[in-house]
Amino acid sequence: MEYNFEEIEKKWQEYWRENKTYHVDIDHDKPKFYVLDMFPYPSGAGLHVGHPLGYIASDIYARYKRLKGFNVLHPMGYDAYGLPAEQYAIQTGTHPAITTEKNINRYREQMDKIGFCYDWDREVRTSDPHYYKWTQWTFIQLFNSYYCNKCKKAQPISQLVDYLSKQGTEGLDVACTKPLSFTAKEWNAMSEKEQQETLMNYRLAYLADTMVNWCPELGTVLANDEVQDGLSVRGGYPVIRKSMKQWLLRITAYAERLLQGLETLDWTESIKDVQRNWIGKSMGASVFFKVADKDIDFEVFTTRADTLFGVTFMVLAPEHEMIDQLTTDEQREEVVKYVTWAKNRSERERMSEVKKVSGVFTGSYAVNPFNGTRIPIWISDYVLMGYGTGAIMAVPAHDSRDFAFARHFNLPIIQVVAKPGEEPSDPATWTESFDAKEGVLVNSEFLNGLTVKKAILRMIEELEKLGIGKGKTNYRLRDAIFSRQRYWGEPFPIYYKDGMPYAMDESKLPLELPSIDAYKPTETGEPPLARAKNWVTEEGYPIETNTMPGFAGSSGYYLRYEDPHNDKEYFSREANDYWQNVDLYIGGAEHATGHLIYSRFWCKFLYDIGLSCKDEPFQKMVNQGMIQGRSSFAYRVNLEKMCEYDVWNIIKDKRLGVEFVRGFKDGRRQFDFFCPEKGILIEINRMGNLEKVAGAWQEYATSKGYKLLLVPNIDVLNDYRDGTNIVEQKIKDLIAGKEVPTFVDGMEYQRGIIFVSKNVKDRELFSDPIHVDINLVRNDILDIDACRKWRDDLHNAHFIKEKDKDGNDIFVCDWMVEKMSKSKFNVQNPDDLVLKYGADTLRLYEMFLGPLEQSKPWDTQGIEGTFRFLKKFWKLYTEVSDEPATKEELKVLHKLIKKEEEDIERISFNTVVSAFMICVNELTDMKCNKREILEPLAIMISPYAPHIAEELWHQMGHNDSVVNQKFPEFDASHVVENTFTYPVSFNGKKRFDIELPLDMKQDEVQNAVVNAPEAQKWLEGVTIRKVIFIPKKIINIVVG
RNA sequence: GCGGAUGUGGCGUAAUUGGUAGCCGCGCCAGACUUAGGAUCUGGUUCCGUAAGGAGUAUGGGUUCGAGUCCCUUCAUCCGCACCA
């Protein structure tokens, strides 16, 4: 019987659906395992072969764990809110829900064909009110919480209100936007509105005026990770900085926990590094500097308190609030000019002109607290308001940016750190700063002689003693902007009373997204929700018109899968106690600073309020690499270049008896070829171009006494096609002194693209590669007929072919690895492959391609190999016998059991496919058809190729699903050997093999090897110095 | 500039702890069968060399009886971050 994958796959997909094979429930008799794929956004383009890579890997892992006795949670759903559907809505008026639904159905259809073991009963969609009810609910909890720095967790805001009413801000240590200071009396005297305003300083979800990334084109605000190089990641539209009232999440409160938590996670170092970098913790000191002749001071943040004696100027960011106070009257005009200029620069300009030094002097001086030196205070945009205090102490000797600034404005440079063992030198002679992370302090009074590390500590000590500074930790992480001026997102459960926001009562949830007439912002620039009718509470208070960003719904989705139909709570205690967090999370690495950090924050908050039993969402994560496309190119002839090339081949090297030169120039005139001896000028070009210049050039030629030959490209091409050699004949006639018409109209030129095969000689001199559809190419050989039909403009294309070794004409294409994309005609669609080879082949091949984490090109041909393997596998089961298996057969099986277990556990899926192939090759050679081998083998391949496994399992007489079996136990006794074939090396170079019993002792082994006939040749004339014998590994004889 | 990753046949890769470099597959070569195919099967396939043999895991060096693997140097490619004080 043939391997009919089409029938088999359809049959079992239906069976699994009908029998709810993949439905899971809490089962306290089994350990749980949670395998999750990153939440997909259902884009309109559907899946290409790169998308299912991670899904197949997680599916294999999930199925494997199930065979190993785990109760495996493996759900799938959709991150259904997103910009593309909304952009489409704006353009066409189609409700984004309709577009999204359509895309989801397409995704689902594609996924179903691949045979995943998702429990679809648990599917969630972020745009479903049953789901976003809990997104809104979580937002309310964030709104009603603050972060206590002492107990290091979120607390109810009511507790803070209580505290403030009793003690004011005295002794308060909580996360806030700005440190405030007031007494209990003052607090109690505040109006309700004032109190609400004050609380905004502490809430974990708060409303504030912020500089945001505003994208006018998209009409919305974007998060930092949604902007790249001043352009929106989605769409590539310009982004400007703008101040707007926005909802923010106080993620900065969790900076330290987000950083520390990384240590407990089994993620790649590179992703952890990206997150560490994003959080950007730096430990240093905050120092207050007094301003000379004024009774004010200002604060700077530095990580290098040790270099305080090297400070020769101060720099403030142009947005610094004290600029006005610090600017002297003489400097005012210039300062205002500079600040205005700096503030109006776009983020893009500022970033692209990083190297340009600009700045202005305020006229004021700060005072060095230790030696009283007056330090000029400058303003420059190389200092950012958003980091630290927006003011720095500049140490030009040891900071490259300060150095550049000092040199530009001629400010002094003082060296305070010397390289260990080196004398300080004159900074005036330096060409760059010495960014000394290690070294010994000099010119620094009480710090002299200390190492950098010790000096920092000592300086902080001194600062604290004087009460003008203290050790401080700074984070680069910013609070997450949580408002979007869009329609297609979760509405905020917030209404406004007296201009102050209030959270709705939880009983009002979900607050459903209203329908509106158009999806654009209003004429007055308000978000689309402002178009909704009656967008007010029952009491008539207006409801927030912003919606939540994409990461709102995707931050806690993995928890909802644990209890997706719960109407009463986000998820039940019971479900969460059982399923806990995700054990294995598979997805791309591109979410490192977005989803993966927001989810961790979300989780930690839910942990703090006692909802999630774990404070990290994804215990182990694997980031699959990208699948790249293998594009095919045909070389397209550049007519000009080719014709010149052809003619040159006729005349070069005195082939026609006279010398020609290429590229002859006379003044502004330039000709392709020139023969000085006979005075012949030759120019090759398009007919049209030749006609234009013919008159003038003829005149020039006549005046010089030259003969002119203008050759239309077409003549050269005709020579090429029919070998008439008219061009050659013309040139010969000219040389012979005959009269030749300057140019003769050639035949009618049929416009058509000319292609040239890859290995045609000198092809690179006259052709350029263009993409051709990979479906037209097989083994790099182009199907010319198909290519002609592919595009209208190729109907009459001409192909210059080459010969293969049998003398057949073929057209060879070149290839290149690049991104898989429609425009490159290199997209492989999983549906097509499933149709042609079946899902099992596709699954195996995607894994076989290489290590999951690595990026690799998709080889269109390679899939045939795995297809052949499955056919070979199928054949093993043709007639299953009940005879007992032989020792060798058992050994083959158990080798595979061990290999598969070990490799799946270490996420090495590609090597398992190889191992299957080796096993099947060996069993085929042995003609093995024993049930004792084939039954466990069917179970073992089921994670990879579930359909064929299920079919064969049933064919062998079983009525239950292969999915519910147990993974076979490895029995080491089947693989023990009593002999080993040792490689014998001389001086580390392997010379021959020798089979020896494993229990042989060193001296016996030595004897056997030295006396082996193959060894004699290598022992001749040398002495044995040493014999290395490693049992079961190698024998190495050192001779000399 | 900083940080991370990767570099092995024509191609994708394998070699799990320092122990036979190139498993498995694609492609290619030869053969068998054939209704002469983009089917199937068998054998071969790192490079140089007829061979014996030699060379060989980006580069140069080191440690070791032994290095793709460990250490140092340089180069290339990819990714992330970037006036972050």
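To find a chain, count down the sequence lines: A is the first, B the second, and so on, and within it residues start at 1. Model, not experiment: these values are computed from the prediction.
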A.B. asks: Does A:Gln415 reach the side chain of A:His398, with side-chain heavy atoms less than 4.5 Å apart?
C.D. replies: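 In short, these two side chains touch, coming nearer than 4.5 Å.
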
A.B. asks: Could you measure between the two P atoms, the one in B:rG4 and the one in B:rA52, and give it in whole Å?
C.D. replies: 47 Å

A.B. asks: Can you identify which nucleotide, out of B:rG80, B:rC24, B:rG12, has its nearest atom closest to the A:Asn921 side chain?
C.D. replies: B:rC24

A.B. asks: Applying the side chain to side chain contact (heavy atoms under 4.5 Å, CB included) test to A:Ile377, which of A:His320, A:Met314, A:Met322 qualifies?
C.D. replies: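 Exactly one option meets the side chain to side chain contact (heavy atoms under 4.5 Å, CB included) with A:Ile377, and it is A:Met314.
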
A.B. asks: Heavy atoms under 4.0 Å, any strand shown: does A:Ile1030 hit a base, just sugar-phosphate, or nothing?
C.D. replies: base

A.B. asks: Any side-chain to backbone donor/acceptor pair from A:Ser908 onto A:Asp903? Under 3.5 Å, distance only.
C.D. replies: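 Between the backbone of A:Asp903 and the side chain of A:Ser908 there is no qualifying donor-acceptor contact (under 3.5 Å).
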
A.B. asks: I want to confirm an ordering. Mapping A:Thr303 and A:Ser914 to their closest nucleotides on RNA chain B, which one lands closer to the 5' end?
C.D. replies: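 It is A:Ser914 whose nearest nucleotide is closer to the 5' end.
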
A.B. asks: Which is it for B:rG7, anti or syn, if anything within 90° of zero counts as syn?
C.D. replies: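 Nucleotide B:rG7 adopts anti.
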
A.B. asks: Remember a base hit wins even if backbone is also touched, and classify A:Lys836 as base, sugar-phosphate or nothing at under 4.0 Å, heavy atoms.
C.D. replies: base

A.B. asks: Side chains of A:Ser282 and A:Asn474: donor-acceptor distance under 3.5 Å anywhere?
C.D. replies: no

A.B. asks: On RNA chain B, nearest-nucleotide positions of A:Thr924 versus A:Asp903: which is more 5'?
C.D. replies: A:Asp903

A.B. asks: Looking at the angle O4'-C1'-N9-C4 for a purine or O4'-C1'-N1-C2 for a pyrimidine, is B:rG38 syn or anti, with syn meaning within 90° of 0?
C.D. replies: anti

A.B. asks: Identify the two heavy atoms, one from A:Gly588 and one from A:Asn623, that lie closest to each other, and give their separation to 0.1 Å.
C.D. replies: O-ND2, 3.5 Å

A.B. asks: Distance check, P atoms only: B:rG49 and B:rG10, in whole angstrom units.
C.D. replies: 14 Å

A.B. asks: Using the P atom on both, measure B:rG54 against B:rU69 and round to a whole Å.
C.D. replies: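 The answer is 22 Å between these two P atoms.
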
A.B. asks: Nearest whole Å is fine: how far is B:rC78 P from A:Ile627 CD1?
C.D. replies: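 Those two atoms, CD1 and P, are 20 Å apart.
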
A.B. asks: May I ask you to say what A:Asp780 touches in the nucleic acid, namely base, sugar-phosphate or nothing, with a heavy-atom cut-off under 4.0 Å?
C.D. replies: nothing

A.B. asks: Please state the P separation for the pair B:rC11 and B:rG3 - nearest whole angstrom.
C.D. replies: 32 Å

A.B. asks: Have a look at A:Lys899 and say if it touches a base, only the backbone sugar-phosphate, or nothing, with a 4.0 Å heavy-atom cut-off.
C.D. replies: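 Result for A:Lys899 = base.
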
A.B. asks: Please work out if A:Asp402 contacts a base, only the sugar-phosphate, or nothing of the nucleic acid, heavy-atom cut-off 4.0 Å.
C.D. replies: nothing

A.B. asks: Under 4.0 Å, heavy atoms only, any strand: does A:Ile1028 hit a base, just the sugar-phosphate, or nothing?
C.D. replies: base

A.B. asks: Starting at atom CG of A:Asn474, determine the distance to atom P of B:rC84, rounded to an integer number of angstrom.
C.D. replies: 13 Å

A.B. asks: Have a look at A:Lys990 and say if it touches a base, only the backbone sugar-phosphate, or nothing, with a 4.0 Å heavy-atom cut-off.
C.D. replies: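 Base, at least one base atom sits under 4.0 Å.
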
A.B. asks: Using the P atom on both, measure B:rG27 against B:rC75 and round to a whole Å.
C.D. replies: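 Looking at atom P only, B:rG27 and B:rC75 are 39 Å apart.
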
A.B. asks: Using OP1 and OP2 only, check whether a side-chain N or O of A:Lys1033 sits under 4.0 Å from B:rU20.
C.D. replies: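 No.
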
A.B. asks: So, is A:Arg476 near the phosphate of B:rA82, with a side-chain N or O under 4.0 Å from OP1 or OP2?
C.D. replies: yes

A.B. asks: Any side-chain N or O of A:Arg991 less than 4.0 Å from the OP1 or OP2 oxygen of B:rG66?
C.D. replies: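 No, A:Arg991 has no side-chain N/O under 4.0 Å of OP1/OP2 on B:rG66.
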
A.B. asks: Give me the atom names and distance for the closest heavy-atom approach of A:Thr389 to A:Val300.
C.D. replies: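 What the structure gives for the nearest pair is OG1-CA, 3.4 Å.
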
A.B. asks: If the P atom of B:rC41 is compared with that of B:rG25, how far apart are they to the nearest Å?
C.D. replies: 11 Å

A.B. asks: Check every strand shown and say whether A:Arg868 touches a base, only sugar-phosphate, or nothing at a heavy-atom separation below 4.0 Å.
C.D. replies: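 Result for A:Arg868 = sugar-phosphate.
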
A.B. asks: Categorize A:Asp273 for me: base, sugar-phosphate, or nothing, with a 4.0 angstrom heavy-atom threshold over every strand shown.
C.D. replies: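 A:Asp273: backbone/sugar contact only, no base atoms under 4.0 Å.
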
A.B. asks: Looking only at atom C1', what distance separates B:rG61 and B:rU50, rounded to whole Å?
C.D. replies: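 B:rG61 and B:rU50 have their C1' atoms separated by 37 Å.
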
A.B. asks: In dot-bracket form, how is RNA chain B paired, counting a Watson-Crick or G-U wobble pair only if both its distances are under 3.5 Å and using | for bases paired to another strand?
C.D. replies: (((((((..(((......[....)))((((((.......))))))(((....)))..(.(((..]....))).))))))))....

A.B. asks: For A:Gln854, report the nucleic acid contact type (base, sugar-phosphate, nothing); a contact means any heavy atom under 4.0 Å.
C.D. replies: sugar-phosphate

A.B. asks: Aromatic rings A:Tyr382 and A:Phe405: how do their planes relate, parallel, tilted or perpendicular, breaks at 30° and 60°?
C.D. replies: tilted

A.B. asks: Can you tell me how far C1' in B:rA21 sits from the matching atom in B:rA36, rounded to whole Å?
C.D. replies: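 Taking atom C1' in both B:rA21 and B:rA36, they lie 40 Å apart.
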
A.B. asks: I'd like to know whether A:Thr593 forms a side-chain hydrogen bond (donor to acceptor under 3.5 Å, both in side chains) with A:Tyr598, so could you lay out the CA-CA distance, the side-chain angles of the two residues, the decisive distance to 0.1 Å, and finally the verdict.
C.D. replies: CA-CA 8 Å; A:Thr593 52; A:Tyr598 298 129; over 6 Å; no

A.B. asks: Please list, one pair per line, the donor and acceptor atoms closer than 3.5 Å that link side chains of residues 862-876 of chain A to other protein atoms, with sequence neighbours excluded.
C.D. replies:
from: A:Glu864; atom 1: OE2; to: A:Tyr837; atom 2: OH; distance (Å): 3.0
from: A:Thr866; atom 1: OG1; to: A:Ile863; atom 2: O; distance (Å): 2.9
from: A:Lys872; atom 1: NZ; to: A:Asn921; atom 2: OD1; distance (Å): 2.7
from: A:Trp874; atom 1: NE1; to: A:Met1; atom 2: O; distance (Å): 2.9

